[in-house]
Trainee: 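Below are the structure tokens for one structure; questions will follow.
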Amino acid sequence: MLDARVCDLLNNQVNKELYSAYLYLDFSIFYADNGLDGFANWYMIQAQEERDHAMLFLQYMQNNGCSVNLEVIDKPDKTLSAIDDPLKEGLTHERYVTDLIHAIYDAANDVKDFRTMQFLDWFVKEQGEEETNAEGLIKKFELFGDDPKSLYMLDKELGERVYSAPSLKL
Ligand code: FEO
């Protein structure tokens with residue numbers, strides 16, 4: 001049985017990961033509506049990954065005696081008008097999620113919950129990758145977004161992303 005505060009934070013993280021999936025689904029819809037199907041594909045797969053993250057937290061809680069209480073998932077509330085708005089909002093959001101993961105890590109550390117810290121190690125690394133990916137998308141858009149031919153090629157590249165299941169197994 002894990003510490004009650006650690007369980008609460010893990011439970012909250014299930015909700016935040018599902019919100020992330022919802023947010024990226026919204027980004028995907030925005031790009032599909034604007035004729036950028038490759039960007040839409042990239043965020044559709046990102047949404048799937050976020051759902052996977054939620055399931056990993058949920059399963060870890062169940063494996064360790066925390067009760068799971070599903071809460072209301074907030075409506076995606078980012079204002080999307082310029083083509084690169086989702087890219088910028090995505091980076092801001094990933095930095096926020098990194099802070100949440102670190103806060104759970106801190107709480108686990110406070111009670112010497114080494115099992116949860118080890119479980120979270122995968123997410124600490126994953127967040128580093130997600131922030132790097134989000135920064136990379138912004139950089140590419142800054143370089144190529146203004147030129148229609150280059151934007152077309154970038155959209156094609158993002159359209160080639162395929163889903164793969166998370167490497168973390170519980
Ligand atoms: Fe599950 Fe993008 O953090």
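These numbers come from the heavy atoms of this one structure, side chains and all, not from hydrogens, waters or symmetry mates. Atoms within each ligand, like the ligands themselves, are counted from 1 in listed order.
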Trainee: What about Leu56 and Tyr163, same hydrophobic cluster or not, with Ile/Leu/Val/Met/Phe/Trp/Tyr joined at side-chain heavy-atom distances under 4.5 Å?
Mentor: no
Trainee: Checking side-chain contact (heavy atoms from CB on, under 4.5 Å) between Tyr24 and each of Gln46, Gln48, Met44, which is the one that passes?
Mentor: Gln46
Trainee: With Thr79, which residues qualify under side-chain hydrogen bond (donor to acceptor under 3.5 Å, both in side chains), at least two apart?
Mentor: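 Scan of Thr79 (side-chain hydrogen bond (donor to acceptor under 3.5 Å, both in side chains), adjacent residues dropped) gives none.
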Trainee: Looking at residues at least two apart in the chain, or sitting in another chain, which of them share a ring-ring contact (aromatic ring centres under 6.0 Å, His included) with Phe119?
Mentor: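 Phe119 satisfies ring-ring contact (aromatic ring centres under 6.0 Å, His included) with Phe57, Tyr60, Phe123 only.
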Trainee: Relative to atom 1 (Fe) of ligand 1, how many protein N, O or S atoms have a separation of less than 2.8 Å?
Mentor: 3
Trainee: What are the two closest heavy atoms between Ala47 and Leu25, and how far apart are they?
Mentor: CB-N, 4.0 Å
Trainee: So which residues get pulled into Phe144's cluster when ILVMFWY side chains under 4.5 Å apart are joined, directly or through others?
Mentor: Leu143
